[in-house]
Trainee: 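Got a structure for you, written out below as structure tokens; questions coming shortly.
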Amino acid sequence: MMPAERPCDESIRSALGRILDSKGFQRSERLRAFLTYVVEKEIVGEAGQLKGYSIAVDVFGRSPAFDADSDPLVRVHAGKLRKLLKGFYEAEGAGEKWQISIPKGTYVPEYRLREAVAEVPVRPATAARPAWQPTPFSSPWAVLTVLPLLLFTPLPSPKVTLDFAAEAKLANGPMAAVRGLPSVRFIVDTDHGNAEHFAAVLRAAALRHKTLTSADMTGSSGATGSLNPALVFSVTIDWHDTPEPGIRITLSHNGEAVPLRQDFIGAQQLASEADILYKTTSLAAQLFALDGEIYTHAATEGLQSTLMRCMVTTARYKKLLTRESFQEAWTCQQELAPLKGDEPLFILSANRPHQLFGH
């Protein structure tokens, strides 16, 4: 391990998501909530508030009378968390570029860059370009980084992705009918602070899935422009005081009178920041993931773009690793490959994998 500059927030949240999805962490909701809480606090600049008392109250639901000096609750769970993180990086996370740790004596997470392995000499390019083969991807957007006609330099890792601004530009360009992605408006129809905060956290969770071309916040239900109106959706967040206080979340496909889905989360389930993070992360997966409500509805109604279909088939191949899923993903990739000359072309640099060059 070697010290390095702090990674960007997106890289941190991606690393966190892979940890939470690991087998070890799936068995412990408390440690999942603990790790999510301290990481999110650090990201938003509130690392100074990460004390035993605040974690006990916000994560473990202890009363304000909690005494961190006499009750070892948080210290014990911090030790378990450190041990579980160590096990993750020795097994499932052995190939992680960035590693998250909770040093002893503090609850503020640190991010360490794994020592680079010796580079393997690159063979000289041959005249014939090898056939493209799909590989397991860390992000659905990686389908855009492996097309032979879009890449003019070798990829250093299958985990390279486009930055969000470039993704949106590519998806909403002249080829939007082929490469268009859904866009979502988050509407808060109340002045209640809890609803506004919930909407902001849910939007952040939605963006981490990288399945949307945009996710805008608006305080009213007024119309917003879109380059692909058939793929515009709305998520409305309302606070209700009766019959039970809580938040109602309604997913709608613009232009349709019947909501696609409604969820209600009681106020008692949103008592702490850890509760909010847990609920929004879970709901975002159900709504915005490749197998979530929006993508399923688009496929059912025949609104799915070629890019959306390729993202789904590529993810299916990553999960199944079968010949049939390979063929399905490969066939879809070929539909995206031809360039017509009227769309943006992005070239990834092997030396600077996160920088894009327009052409």
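Predicted model, so just to flag it, every value in this text is computed and none were measured. Count residues from 1 along the sequence. Quick note: numbers below take in every heavy atom, side chains included, and nothing from hydrogens, waters or symmetry partners.
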Trainee: Determine whether Asn194 and Phe198 make a side-chain contact, defined as any pair of heavy atoms from C-beta on separated by less than 4.5 Å.
Mentor: no

Trainee: Only counting residues at least two apart or in another chain, list the ones meeting side-chain contact (heavy atoms from CB on, under 4.5 Å) with Thr322.
Mentor: Leu320, Glu324, Ser325

Trainee: Group every Ile, Leu, Val, Met, Phe, Trp and Tyr by side-chain heavy-atom contacts under 4.5 Å, then state whether Ile102 and Ile19 land in the same group.
Mentor: yes

Trainee: Please report the shortest heavy-atom distance between Ala206 and Ala284, naming the atom on each side.
Mentor: N-CB, 4.1 Å

Trainee: Could you measure the distance from the CG atom of Leu303 to the NE2 atom of His253? Nearest 0.5 Å is fine.
Mentor: 5.5 Å

Trainee: To the nearest 0.5 Å, how far apart are CG in Leu35 and CG in Leu84?
Mentor: 9.0 Å

Trainee: Rounded to the nearest 0.5 Å, how far apart are OG1 of Thr281 and CZ of Arg208?
Mentor: 5.5 Å

Trainee: In chain order, what residues pass the salt bridge (charged side-chain N to carboxylate O under 4.0 Å, His left out) check against Arg309, with sequence neighbours excluded?
Mentor: Glu335

Trainee: Which pair of non-hydrogen atoms, one from Gly52 and one from Val74, has the smallest distance, and what is that distance?
Mentor: O-CG2, 3.3 Å

Trainee: Does atom CZ of Phe233 have more than 12 heavy-atom neighbours, drawn from other residues, nucleotides or ligands, at distances under 6.0 Å?
Mentor: yes

Trainee: In the single-linkage hydrophobic clustering (I, L, V, M, F, W, Y; side-chain heavy atoms under 4.5 Å), do Leu31 and Val39 co-cluster?
Mentor: yes

Trainee: Scan for salt bridge (Lys or Arg N to Asp or Glu O under 4.0 Å) pairs involving residues 67-89, sequence neighbours excluded, and state none if there are none.
Mentor: Lys86-Glu90

Trainee: Run the salt bridge (charged side-chain N to carboxylate O under 4.0 Å, His left out) test against Glu244 and tell me which residues pass, sequence neighbours left out.
Mentor: none

Trainee: Tell me which pairs pass ring pair (Phe, Tyr, Trp, His ring centres under 6.0 Å) where either residue lies in residues 70-90, with sequence neighbours left out.
Mentor: Phe60-His77

Trainee: Which atom names give the shortest non-hydrogen contact between Pro64 and Tyr53, and what distance separates them?
Mentor: O-OH, 2.8 Å

Trainee: Flag yes if Val201 and Met217 sit in one hydrophobic cluster, no otherwise; membership is Ile, Leu, Val, Met, Phe, Trp, Tyr, and two members link when side-chain heavy atoms are under 4.5 Å apart.
Mentor: yes

Trainee: With side-chain hydrogen bond (donor to acceptor under 3.5 Å, both in side chains) as the criterion, how do Gln327 and Thr331 come out once you've worked through the C-alpha distance, each side chain's angles and the decisive distance to 0.1 Å?
Mentor: CA-CA 6 Å; Gln327 183 64 47; Thr331 301; 3.1 Å; yes

Trainee: Would you name the heavy atoms of Ser63 and Val57 that are closest together and state the gap between them?
Mentor: O-CG2, 3.8 Å

Trainee: The criterion is side-chain contact (heavy atoms from CB on, under 4.5 Å); which residues satisfy it with Asp241, sequence neighbours excluded?
Mentor: Trp239

Trainee: Go through the side-chain N and O atoms of Gln286 and Ser282 and say whether any donor and acceptor fall under 3.5 Å apart.
Mentor: yes

Trainee: If I take atom OH from residue Tyr37 and atom OG from residue Ser54, how far apart are they, to the nearest 0.5 angstrom?
Mentor: 4.0 Å

Trainee: Would you say Leu16 and Leu113 are hydrophobically clustered, going by side-chain heavy atoms of ILVMFWY under 4.5 Å?
Mentor: yes

Trainee: Salt bridge (charged side-chain N to carboxylate O under 4.0 Å, His left out) for Lys41 and Glu273? Distances and angles first, verdict last.
Mentor: CA-CA 9 Å; Lys41 281 289 187 182; Glu273 190 67 18; 5.8 Å; no

Trainee: When you check the side-chain N and O atoms of Thr250 and Gln262, is any donor under 3.5 Å from an acceptor?
Mentor: yes

Trainee: Answer with yes or no whether the side chains of Thr296 and Asp291 bring together a donor and an acceptor at under 3.5 Å.
Mentor: no

Trainee: Relative to each other, are the rings of Phe288 and Phe186 parallel, tilted or perpendicular (30° and 60° limits)?
Mentor: tilted

Trainee: Do Ser22 and Gln26 have side-chain atoms, one donor and one acceptor, less than 3.5 Å apart?
Mentor: no

Trainee: Once side-chain contact (heavy atoms from CB on, under 4.5 Å) is applied, do any residues pair with Glu328, and if so which ones, sequence neighbours excluded?
Mentor: Thr313, Arg316

Trainee: Would you please name every residue forming a salt bridge (charged side-chain N to carboxylate O under 4.0 Å, His left out) with Glu29, sequence neighbours left out?
Mentor: Arg32

Trainee: Considering all heavy atoms of both residues, which atom of Asp189 and which atom of Ile187 are nearest to each other, and what is their separation?
Mentor: OD1-CG2, 3.3 Å

Trainee: Mind checking what makes salt bridge (charged side-chain N to carboxylate O under 4.0 Å, His left out) contact with Glu92, not counting sequence neighbours?
Mentor: none

Trainee: Would you kindly confirm whether Leu251 and Leu181 end up in one hydrophobic cluster when ILVMFWY residues are joined by side chain heavy atoms under 4.5 Å apart?
Mentor: yes

Trainee: First locate atom OG of Ser214, then atom CG of Leu212, and finally report the distance between them rounded to the nearest 0.5 Å.
Mentor: 7.5 Å

Trainee: Rounded to the nearest 0.5 Å, what separation is found between the CZ atom of Phe34 and the CZ atom of Phe25?
Mentor: 10.5 Å

Trainee: Sequence neighbours left out, what pairs pass salt bridge (Lys or Arg N to Asp or Glu O under 4.0 Å) with at least one residue falling in residues 293-306?
Mentor: Arg261-Glu293

Trainee: Report the residues that fulfil side-chain hydrogen bond (donor to acceptor under 3.5 Å, both in side chains) with Asp9, sequence neighbours left out, ordered by chain and then residue number.
Mentor: Arg6

Trainee: Do you know the tightest heavy-atom contact between Ser101 and Leu85?
Mentor: CA-CD1, 4.4 Å

Trainee: For Val108, give me all partners under side-chain contact (heavy atoms from CB on, under 4.5 Å), at least two apart in sequence or on another chain.
Mentor: Glu42, Ala47, Leu50, Thr106

